[in-house]
Amino acid sequence: MTVAQALSKYKMYQGVIVEDSSNIGEKEYSGKGSFGQYLEEVFFGITNNSESKPDFIDAGLELKTAPLKELKNGELAVKERIVLGIINFDSIIEETFEKSHFLEKNLHILLVFYVYDKLAALENIQVNLVDIWNCVEQDETQIKKDWETIVGKIRRGKAHEISEGDTLYLGACTKGATRATSQVPQPFSDILAHRRAFSFKIQYVRYIYQSLMEKRQASVKRKKIADTIRITQNRTESIDQIIKEAFCRHKGKDAFTICKDLGLPYNPKAKHFYAQIVKRILGADANQRLYEFEAAGIQIKTVRIEVNGKNKESMSFKHMRYTEIVEQDWEDSDFYVDLTSKFLFIVFRRNPQNEGYFLDDVIFWNMPAEDLEEARKVWIDTQQKIQAGNYNSFVKIKDDRIVHVRPHARNAADKIITPQKTMELKRSFWLNRDYILNIVENKSYLT
DNA sequence: GCATGATCATGC
DNA sequence: GCATGATCATGC
């Protein structure tokens, strides 16, 4: 579907005049935001401006384009976060969420999801979905909480310690070409901080895309959408407090007993075993979905502690694609997205009396900014080695750098293509064993 | 058939 | 006992 077809089909842009595409070719659009600029100017007749007012003042709509990428199986998936506008450290400290510049600009967003293709001419770009998203109508509590978390750090003179992992839906992503040239002053500290912009985190954008697609399909097919429950509904506590309370009721029980008490089959090898337990403990049925987990992309990970007080295993993430990583920026990489998610660690401890493990702790965690910075360095090191065709000297666990690189394949024959057109064993980034133990032993949310 | 979370096996 | 390489189990 071309842009013109998509826009006229969805008719989601009341009050906005859509011109036809006859005035293409007058101007060159290039760079990252080129498709957005092209849409604004060619279709909506708005000249490109950096004025921070809504793009469609009459309609009260902000236009945002969001690239999709095609997966191997042909499905489309969200490619990156949606950036919502720069954070002014000096003026934001005077704002309240309700009267914030952020809300004024981003209350109603016209989203144009398109299929990313860096070689395609702009007028041939395929538009997949056009719809409006109102983040406050959908997620007021969490968006407000995220906004306040970010502003809170600025007010405490900690703007330099802001991390995307601090928040669930709304993130503060870095802005600027390089780290060195993007440092700006902050009001309550002499330390320079990276310039930042509000954004919808990629996990949240994935969720937005999924819900809008489901809404569209439901209206076509009248298919019933699976029941979704919000654990924060009618509650004032935060997500982690609610989780903690729910889990406290099962502390000390072994996994088998927990399953029995919850009416779940005991199948610890199943891929979603622990996710299922979490779901049930939080009061959802098997066919119900947990809104906050899906919208925030919370990663549920289990950690088993042995009798000697140590965990045996490091923690793997999805295997990297050598041809992708050499072209990516750190903040668009899969590993960055994983590490800036919230983690829910479920800690089981070996029972000295029998062979089993009992539930000891649940920990809601996100990686601190300084550790994320260390992970970035390892990622860069890995990227450079792949670029150089050096596949045998990646950072090892012994190097003690929080994360390391290790094989992650089905067997020795499970290889993928490299930028050098050779085949290499699949490898992943791993969180070091002792780093995980440290998280688990230093932060206890139960008891 | 492959991704993903999890775990095993071996040698130093 | 641990690092490292290797592989399993399951679901989609």
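Protein chains get the first letters and strands the later ones, always in sequence-line order, with residue 1 at the start of each.
When distances are taken from the side chain of A/Lys398 to each of C/dA3, C/dG5, B/dA3, the shortest belongs to C/dA3. Listed candidates were C/dA9, C/dC12, C/dT4. Nearest to the side chain of A/Arg410 is C/dA9. For A/Arg433, the side-chain atoms get nearest to C/dC2 when compared with the rest of C/dG11, C/dC2, C/dT7. Across C/dT7, B/dT7, B/dA6, the shortest atom-to-atom separation from the side chain of A/Thr302 is found for B/dA6. Between B/dG5, B/dT4, B/dC8, one nucleotide has an atom nearer to the side chain of A/Lys318 than all others, and that is B/dT4. Considering only the side chain of A/Lys269, C/dT10 comes nearest among B/dA3, C/dT10, C/dG5. Of the candidates C/dT7, C/dC12, C/dT4, the closest approach to any side-chain atom of A/His272 belongs to C/dC12. With B/dC2, C/dC2, C/dA6 as the choices, the nucleotide that has an atom nearest any side-chain atom of A/Lys426 turns out to be B/dC2.
The CG atom of A/Leu344 sits 15 Å away from the C1' atom of B/dG5 (whole-angstrom rounding). The distance from atom CG of A/Asp400 to atom C1' of C/dC2 is 13 Å, rounded to the nearest whole Å. Distance, A/Asn308 CG to C/dC2 C1': 11 Å, rounded to whole Å. One atom, CZ of A/Phe273, and another, C1' of C/dC12, lie 20 Å apart when rounded to the nearest Å. Whole-Å rounding puts the A/Asp338 CG to B/dT4 P distance at 9 Å. In this structure, A/Ile416 places its CD1 atom 15 Å from C1' of B/dG1, rounding to the nearest Å. Taking atom CD1 of A/Ile397 as the reference point, atom C1' of C/dG5 lies 12 Å away to the nearest angstrom.
Looking at A/Ile109 and A/Leu84, their side chains come closer than 4.5 Å, going by heavy atoms from C-beta outward. The shortest side-chain heavy-atom distance between A/Tyr435 and A/Arg401 does not fall under the 4.5 Å cut-off.
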Test A/Tyr336 against A/Asp329 for side chain to side chain donor-acceptor pair (under 3.5 Å), laying out the working first.
CA-CA 10 Å; A/Tyr336 177 86; A/Asp329 290 333; over 6 Å; no

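Between B/dA6 and A/Arg304, no contact under 4.0 Å exists linking OP1 or OP2 to a side-chain N or O.
When each of A/Trp430 and A/His319 is assigned the nucleotide of DNA chain B bearing its nearest heavy atom, the one mapping closer to the 5' terminus is A/His319. When the nearest nucleotides of DNA chain C are assigned to A/Ala412 and A/Ala270 by heavy-atom distance, the more 5′-ward of the two goes with A/Ala412.
Note on A/Ser428: nothing from the nucleic acid sits closer than 4.0 angstrom, heavy atoms only. A/Arg427 comes within contact range of no nucleotide atom at all, as no heavy-atom separation falls under 4.0 Å.
Using modelled atom types and a 3.5 Å distance limit, the side chains of A/Glu245 and A/Gln241 yield no donor-acceptor pair. Inspection of the A/Asn134 and A/Gln138 side chains reveals no N or O donor paired with an N or O acceptor under 3.5 Å.
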